[in-house]
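Working notes, structure below.
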2 protein chains.
Amino acid sequence: MEKAAAKAPERRRGEALVRAIHEAALAELAEVGLGQLSMEGIARRASTAKTVLYRRWATPHELLVDAVAQAHPVEVPTPAADDLRADLIAALTVLTDWMRTPAANAVLAIMFERHRYPDLAEALYRDVFDPRGGTFTTTVLRHYAANGGLDPRRLTPITTQIGEAMVFKLSMDLGRFPTADELAAIVDEAILPALGFPPA
Amino acid sequence: MEKAAAKAPERRRGEALVRAIHEAALAELAEVGLGQLSMEGIARRASTAKTVLYRRWATPHELLVDAVAQAHPVEVPTPAADDLRADLIAALTVLTDWMRTPAANAVLAIMFERHRYPDLAEALYRDVFDPRGGTFTTTVLRHYAANGGLDPRRLTPITTQIGEAMVFKLSMDLGRFPTADELAAIVDEAILPALGFPPA
DNA sequence: GAGATAAGCTACGTCACCGTATCCAATTGA
DNA sequence: TCAATTGGATACGGTGACGTAGCTTATCTC
């Protein structure tokens, strides 16, 4: 034992261990995809034994939902200034920041394959979405509609989704996340016109 | 042999066989997902032997790209009447019709997992997208811009993608394809305002 | 018809993951 | 300090996909 001092045992327990496993699960998902997620893979990545995983979760999917639910919640965009345009850009920036996180990757993967794993999507709604409120641009829009800066009739299931929809679409098409300029263009050319502010 | 007359041998060859395999590949993908696509699975579904597949394709991915490329091309929306709104709705209808096809399912899966299988996405661009032109709403918008029904400056990388982006987003959120009413709402509340026609 | 071509079938050893069992060792807390 | 807890390591038989080989047999072509 006194020989290999480099290898500190430092055995993890309880919450610290669970957190490490959650991280490993999200990282594993990002790398191999939802269809290839396996207990073996997660255990390997977390440097622990399968046994430890099976003592807490019955399936990789169960583990995954747990990991997403425990992940840090999304930063809520707080409409500060009396500047709808700036607040919308800020909200989309929060969105792209979130999309870079492992948890977001998992959420999107689950939503995309929801017809293949309906239980997973259902658990996601139950354990993650429902406990939290709306997100991103919707928060901003509701604020301005309530404070008179915006015609409330312009808030529809369509208009409130334009920002998110465009960010997702651009990300897919370009294979990268939108830049600040592109986010501004989304606000100027798509969202604001739909809210009743015609393009320049 | 004369006993089991029910089992017609009817051995498939050449193109007919290849077409059946292509269909099986797309069906298999739809059911198990890109990460689980396997030669065994495709062969099983096509009721043929693995050997037959390996004689033509080295990997399931190669087979898949071939299948997508050979699939019936997308119907091109032809702007007919002098009615931008109707033509846009028609274009989105073509889009949702396409999204119900197995080939579309494959294209979306490949695009979604492009960072995981970059070669696949690249092959898709090379063998499928590039040979064909733009699609869906872009076709319509270019037509009207060229014929004076629309300010060409309104055609940007953002505005031309709103329709497709919203259809994808709605499909993900709802877990189903948008209805005709929802397509009309996308046109009225998102696309037309962005083109310079303010909402009612 | 007869030979060439290609589809279909079976089998093989290899490998990865499955879910479980067993045992050892580190940490904790009474 | 000692006992309970729990993480960690290893091994197991089972399954399913891998890629290849060999053979039989249906179909096409001359």
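Please read all numbers here as calculations on a predicted model, not as lab measurements. Sequence lines set the chain letters: A, B, ... in the order given, protein chains first and strands last, and positions in each chain run from 1.
- The ring pair (Phe, Tyr, Trp, His ring centres under 6.0 Å) pairs that include a residue from residues 96-120 of chain B are Phe112(A)-Phe112(B), His61(B)-Tyr117(B), Trp98(B)-Phe136(B), where partners are two or more places apart or lie in different chains.
- At the phosphate of dA7(C), neither OP1 nor OP2 sits under 4.0 Å from any side-chain N or O atom of Thr48(B).
- Atom P of nucleotide dT6(D) and atom CG of Leu53(A) are separated by 16 Å, given to the nearest angstrom.
- Hydrophobic clustering, with ILVMFWY side chains joined whenever heavy atoms are under 4.5 angstrom apart, groups Leu170(A) together with Leu108(B).
- Counting distance only, with no hydrogens placed and no angle test, the side-chain atoms of Arg11(A) and the base atoms of dG7(D) include a donor-acceptor pair under 3.5 Å.
- Distances shown here put a side-chain N or O of Arg44(B) below 4.0 Å from the OP1 or OP2 atom of dA17(D).
- Spacing between atom CD of Glu15(A) and atom C1' of dT27(C) amounts to 16 Å, rounded to whole angstrom units.
- Within the 4.0 Å cut-off from OP1 or OP2 of dG8(D), at least one side-chain nitrogen or oxygen of Arg12(A) is found.
- For residues 145-170 of chain B, the set of pairs meeting the ring pair (Phe, Tyr, Trp, His ring centres under 6.0 Å) definition, not counting sequence neighbours, is empty.
- Annotation: the span from Met166(B) atom CE to Asp173(B) atom CG amounts to 8.5 Å, rounded to 0.5 Å.
- When the side-chain hydrogen bond (donor to acceptor under 3.5 Å, both in side chains) test is applied to Ser38(A), no partner is found at least two apart in sequence or on another chain.
- Dashed line: the shortest gap from a side-chain N or O of Arg56(A) to OP1 or OP2 of dG7(D) is under 4.0 Å.
- Salt-bridge formation is not detected for the pair Glu164(B)/Lys169(A): no Lys NZ or Arg NE/NH1/NH2 atom is positioned less than 4.0 Å from an Asp or Glu carboxylate oxygen.
- With sequence neighbours left out, Gln36(A) forms a side-chain hydrogen bond (donor to acceptor under 3.5 Å, both in side chains) with no residue at all.
- Taking every heavy atom of residues 22-31 of chain B and every atom of DNA chain C, no pair lies under 4.0 Å.
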N/O to N/O distances under 3.5 Å, protein versus nucleotides 18-20 of chain C:
| unit_1 | atom_1 | unit_2 | atom_2 | d |
| --- | --- | --- | --- | --- |
| dC18(C) | OP1 | Met39(A) | N | 3.3 |
| dC18(C) | OP2 | Met39(A) | N | 3.4 |
| dC18(C) | OP2 | Glu40(A) | N | 2.9 |
| dG19(C) | OP2 | Tyr54(A) | OH | 2.4 |
| dG19(C) | N7 | Lys50(A) | NZ | 3.1 |
| dG19(C) | O6 | Lys50(A) | NZ | 2.7 |

